[in-house]
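Input: a single structure, listed below in structure tokens.
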Amino acid sequence: MVEFKKFENGFEYVEVSNSSARVRIALQGAHVFHFARINEEPILWLSDTSDFETGKAIRGGVPICWPSFGMNNPELPQHGFARVCMWRVENYREIDKKTTQIIFTLKDTQESRELWNYSFLLELKVTISETLVMELITTNLDDKPFIITQAFHTYFQISDISNVAIGGLSDKPYLDALTDKHHVQKGDITFSGEFDCVFQEVESEILLIDKNCTIRIKNEGSSSVVVWNPWIEKCKRMSGMRDDAYKEFVCIESANAFEDFKILEPKEFHTLKATIC
Ligand code: TA6
């Protein structure tokens, strides 16, 4: 079932439910802000102080960073502009009783061209079953090539930051964004302070190992993964989250960031795909 809904302030979202799971996706940013299997706890973290406000990114869920990740393109706002644009629902269909697919699109506007002077089509295909699959397809509709960096900046709900480990990144080179230094990861990641690292050359599955469950993240069309937790001090400075919210989430971001940028020639397209199960 696909239902078009609004919060009291008029902020619009789509709720998709089937016999496997339920998701909620805001039209602003095509932002998936809820995903839970039926009778289970949410897999995505959503800040309980996040405002659903026009022009402001939702804190939690899956912000889409596009056409620039972080400050990879310093001429654009942090994480680009797609997360605060109004997308359109293009199509939806029930594949079977357990699986629903919905497609959102975003095209360039006069406003977007003032920030980034290219013509493009951006599509987000979300397939909902016990697994959440997100595909972000960028097509260059311009007559000149463009460069993108991007990410599904996914916030995962966890029992407590002290309980979790992240597997699948051992032996991968990474840039520590806090020190701007390059290292190689040894073993699983655990957290005891602020963490903001960009892993490169990642082809394998990533595991988010919590006390009572393990989530698997498989990325395609991407070889970079960002792992982020703000920890105590940065959390206090962050907008849209409680001071101790850092205990409740970790971001594992399916990306094309830094050296993993993509150049698209006219008419070319690229798909970034993340499968969460
Ligand atoms: O992906 C990690 C990161 O770039 C952090 O450096 C960080 O502050 C964050 O994303 C959240 O960014 P935002 O613009 O959503 O506040």
Side-chain angles (χ1 to χ4, degrees), residues 11 26 28-33 44-85 115-116 134 136 148-158 161 164 166 169 172-183 185 189 191 193-200 202 206 208 217 219 222-261 272 274 276:
F11 194 93
Q28 178 177 290
H31 191 136
V32 178
F33 62 90
L44 302 176
W45 179 80
L46 175 66
S47 172
D48 50 17
T49 62
S50 180
D51 308 314
F52 288 93
E53 227 180 83
T54 306
K56 206 168 143 194
I58 298 165
R59 182 65 72 194
V62 190
I64 291 178
C65 306
W66 190 95
S68 171
F69 176 80
M71 293 304 289
N72 280 189
N73 180 345
E75 288 170 12
L76 290 176
Q78 150 112 334
H79 293 320
F81 52 79
R83 63 179 175 166
V84 290
C85 291
L115 281 170
W116 195 66
M134 296 173 292
L136 185 65
I148 53 164
T149 52
Q150 59 181 350
F152 292 121
H153 193 301
T154 313
Y155 288 75
F156 288 97
Q157 176 76 54
I158 52 176
I161 192 71
V164 301
I166 296 175
L169 294 170
K172 300 296 176 201
Y174 68 90
L175 169 72
D176 185 334
L178 301 173
T179 58
D180 217 21
K181 295 225 160 73
H182 291 267
H183 304 276
Q185 177 63 30
I189 298 167
F191 298 88
E194 188 179 348
F195 197 98
D196 193 346
C197 295
V198 187
F199 293 83
Q200 299 288 2
V202 184
I206 299 145
L208 170 55
I217 303 139
N219 300 326
S222 145
S223 63
S224 47
V225 170
V226 183
V227 177
W228 176 60
N229 182 280
W231 210 249
I232 301 166
E233 290 310 320
K234 184 161 182 180
C235 190
K236 289 182 190 158
R237 298 196 301 272
M238 297 289 305
S239 62
M241 61 171 80
R242 270 185 289 105
D243 284 359
D244 59 353
Y246 74 95
K247 294 177 184 168
E248 302 166 2
F249 74 83
V250 65
C251 285
I252 302 177
E253 306 166 32
S254 313
N256 293 115
F258 293 82
E259 296 100 85
D260 185 26
F261 61 85
L272 169 66
I276 297 171

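Just so you know, residue 1 is the first one in the sequence shown, and it goes up from there. Read the numbers this way: they start at 1 and go in the same order the structure lists the ligands and their atoms.
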(request) Look at atom 12 (O) of ligand 1 and say which protein heavy atom is nearest, naming residue and atom and giving the distance to 0.1 Å. (result) Q78 NE2, 3.2 Å
(request) Using distance alone, determine whether R59 and ligand 1 share an N or O pair under 3.5 Å. (result) yes
(request) Please say which of T154, V225, I276 ends up in a side-chain contact (heavy atoms from CB on, under 4.5 Å) with I252. (result) V225
(request) Verify whether one side chain among S224 and D260 offers a donor that lies under 3.5 Å from an acceptor in the other. (result) yes
(request) Check L136, L272, V202 against S222 for a side-chain contact (heavy atoms from CB on, under 4.5 Å) and give me the one that passes. (result) L272
(request) Run the ring-centre check on H182 versus Y174 and record whether the distance is less than 6.0 Å. (result) no
(message) Below 3.5 Å, N or O to N or O, backbone or side chain included: is there any such pair between W228 and ligand 1?
(response) no
(request) Have a look at ligand 1 and work out which part of R83, if any, has a heavy atom under 4.0 Å from it: side chain, backbone, both or neither. (result) side chain
(request) Counting heavy atoms only, name the option from R237, K234, H153 that's nearest to atom 8 (O) of ligand 1. (result) K234
(message) Judged on heavy-atom distance to atom 4 (O) of ligand 1, which of E194, E253, M238, H79 sits nearest?
(response) H79
(message) Parallel, tilted or perpendicular: which one describes the rings of H79 and H153, with boundaries at 30° and 60°?
(response) perpendicular
(request) For atom 5 (C) of ligand 1, find the nearest protein heavy atom and state the residue, atom name and distance (0.1 Å precision). (result) D196 OD2, 3.3 Å
(message) Pair F52, F33 - check ring-ring contact (aromatic ring centres under 6.0 Å, His included), show working.
(response) CA-CA 10 Å; F52 288 93; F33 62 90; 5.0 Å; yes
